[in-house]
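As structure tokens, the structure follows; a few thoughts come after it.
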Amino acid sequence: MSNRLALFDCDGTLVDSQHDIVEAMNRAFAAVKLAPPPRPEILSVIGLSLPLAMARLVPDAEERFHDHLAEQYKAAFRAMRHADGVSEPLYPGIAELVVKLAEDGWMLGVATGKSDRGLQICLTTHGIIDHFVTLQTADRHPSKPHPSMAHLAMSEAGARPETTVMIGDTSYDMEMAVNAGVRGIGVNWGYHSPQELMAAGAHAVAVDMDDLARHIADL
């Protein structure tokens, strides 16, 4: 029998990192002497790989500029972390949900636009990294909504599409779930609206942690 896999997005699903991301983005744009995009535009691209996010924010620029801007963002985020300027708090109830799912026999994973290093630091800081059996990041995969992250996560966890659920806060997460043939559950505490999540293929949108736990159990 296949294992049951609960695959989580990170930013906007496990942790509320919007303030850090917006600040790093503002610094990146300042470094190339461009006015930063409005906050809603920045939030709308969270979850994509950095070059693709930059392409959405500066569509008229060349690919090499998107790559350069992505490097400026990485440098800004590293400087913020070095100065203890990154918080990335867990959403209330997430730690308890992760522990409960693990105790109930779920395999847990993460599929995120973060880097390997950024995800390791985030999960280790919050003391939950040992509960996850598979960690997939933008360092080793095409950007969401490509299903590559979900496919490898299922392979590493010994799960199949029918025993896997993708939990995320953006349309990119739900589109990846559709592309991978797994059930997608949106959460309404992140960066895309419930309407966007449902339009992208979400099976349901959880309004709180108890609701999310019920939707996961339905699998």
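Side-chain atoms are counted along with the backbone in the values below, which use heavy atoms only and exclude waters and symmetry mates. Numbers here simply count residues along the sequence, with the first being 1.
In the model, S17 has no side-chain atom that pairs as donor or acceptor with a side-chain atom of D20 under 3.5 Å. D116 and T137 form a side-chain donor-acceptor contact under 3.5 Å, judged by distance and modelled atom types alone.
Both I42 and W189 sit in one connected hydrophobic cluster of ILVMFWY residues. Membership requires side-chain heavy atoms under 4.5 Å apart, directly or through other members. Under the 4.5 Å side-chain heavy-atom criterion for Ile, Leu, Val, Met, Phe, Trp and Tyr, L57 and I46 are members of the same hydrophobic cluster. In this structure, M166 is not a member of the same hydrophobic cluster as L219, with clusters built from ILVMFWY side-chain heavy atoms closer than 4.5 Å. Both M80 and L69 belong to a common hydrophobic cluster when Ile, Leu, Val, Met, Phe, Trp and Tyr are linked at side-chain heavy-atom distances under 4.5 angstrom. Criterion: ILVMFWY side-chain heavy atoms under 4.5 Å apart, direct or through other members. Under it, V182 and M149 are part of a common hydrophobic cluster.
Scanning all heavy atoms of the two residues, the minimum distance from V15 to C122 falls at CG1-SG, 3.7 Å. Contact record, S148 with H141: OG-ND1, 2.6 Å, taken as the closest heavy-atom pair. Residues V32 and F65 approach most closely at CG2-CZ, 4.0 Å, considering heavy atoms. Closest non-hydrogen pair, A111 versus M176, comes out as CB-CE, 3.9 Å. For K144 against L48, the heavy-atom pair with the smallest separation is O-CD2, 3.4 Å.
Taken to the nearest 0.5 Å, the CD atom of E62 stands 11.0 Å off from the CG atom of D67. Taken to the nearest 0.5 Å, the CE atom of M154 stands 9.0 Å off from the CD atom of E162. Rounding to the nearest 0.5 angstrom, the gap separating the CE atom in M174 from the CD1 atom in I185 is 8.0 Å. Between the CD1 atom in I94 and the OH atom in Y91 there is a gap of 9.0 Å [rounded to 0.5 Å].
Counted within 6.0 Å of CZ on R160, heavy atoms from surrounding residues, nucleotides or ligands total 12 or fewer; the atom is thus considered open.
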Go through the steps to decide whether Q136 and T134 satisfy the test side-chain hydrogen bond (donor to acceptor under 3.5 Å, both in side chains), and finish with yes or no.
CA-CA 7 Å; Q136 308 302 326; T134 179; 2.7 Å; yes
Test L119 against V110 for side-chain contact (heavy atoms from CB on, under 4.5 Å), laying out the working first.
CA-CA 9 Å; L119 181 61; V110 176; 3.9 Å; yes
Assess whether side-chain contact (heavy atoms from CB on, under 4.5 Å) is satisfied between R117 and I121, documenting all intermediate values.
CA-CA 6 Å; R117 182 174 182 273; I121 291 173; 3.8 Å; yes
side-chain contact (heavy atoms from CB on, under 4.5 Å) for V58 and F29? Distances and angles first, verdict last.
CA-CA 10 Å; V58 194; F29 273 74; 3.7 Å; yes
Pair L52, H66 - check side-chain contact (heavy atoms from CB on, under 4.5 Å), show working.
CA-CA 8 Å; L52 183 54; H66 297 147; over 6 Å; no
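Applying the salt bridge (Lys or Arg N to Asp or Glu O under 4.0 Å) criterion to E71, with sequence neighbours excluded, gives K74. The side-chain contact (heavy atoms from CB on, under 4.5 Å) search around R39 returns Q18, H19, V22, L43, not counting sequence neighbours. When the salt bridge (Lys or Arg N to Asp or Glu O under 4.0 Å) test is applied to E175, no partner is found at least two apart in sequence or on another chain. Partners of Y191 under the ring pair (Phe, Tyr, Trp, His ring centres under 6.0 Å) rule, at least two apart in sequence or in another chain, do not exist in this structure.
For the pair T164 and R183, the minimum side-chain heavy-atom distance is 4.5 Å or more. Within the 4.5 Å cutoff, the side chain of W106 has no heavy atoms near those of the N3 side chain. At a threshold of 4.5 Å between non-hydrogen side-chain atoms, the residues V86 and F77 count as touching. Within the 4.5 Å cutoff, side-chain heavy atoms of L90 are placed close to those of I128. Taking the side chain as every heavy atom from C-beta outward, S49 and P142 never approach each other to under 4.5 Å.
Salt-bridge formation is detected for the pair E88/K114: a Lys NZ or Arg NE/NH1/NH2 atom is positioned less than 4.0 Å from an Asp or Glu carboxylate oxygen.
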Enumerate, atom names and distances included, each donor-acceptor pair closer than 3.5 Å involving a side-chain atom of residues 95-103, sequence neighbours excluded.
| from | atom 1 | to | atom 2 | distance (Å) |
| --- | --- | --- | --- | --- |
| K100 | NZ | D104 | OD1 | 3.3 |
| K100 | NZ | D104 | OD2 | 2.7 |

Show the atom names and distances, to 0.1 Å, of all donor-acceptor pairs under 3.5 Å that link a side chain in residues 200-215 to residues at least two apart or in another chain.
| from | atom 1 | to | atom 2 | distance (Å) |
| --- | --- | --- | --- | --- |
| D208 | OD1 | D210 | N | 3.2 |
| D208 | OD1 | D211 | N | 2.7 |
| D211 | OD1 | H215 | NE2 | 3.4 |
| D211 | OD2 | V207 | N | 3.0 |

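Remark: of the listed residues E196, H192, Q195, H192 is the sole one forming a side chain to side chain donor-acceptor pair (under 3.5 Å) with S171. For the side chain to side chain donor-acceptor pair (under 3.5 Å) criterion with T13, the lone passing option out of D16, D11, D9 is D9.
Remark: side-chain polar atoms of N179 are paired, donor with acceptor, to backbone N or O of P145 under 3.5 angstrom. Remark: the backbone N or O of A159 is not paired with any side-chain donor or acceptor of T163 at under 3.5 angstrom.
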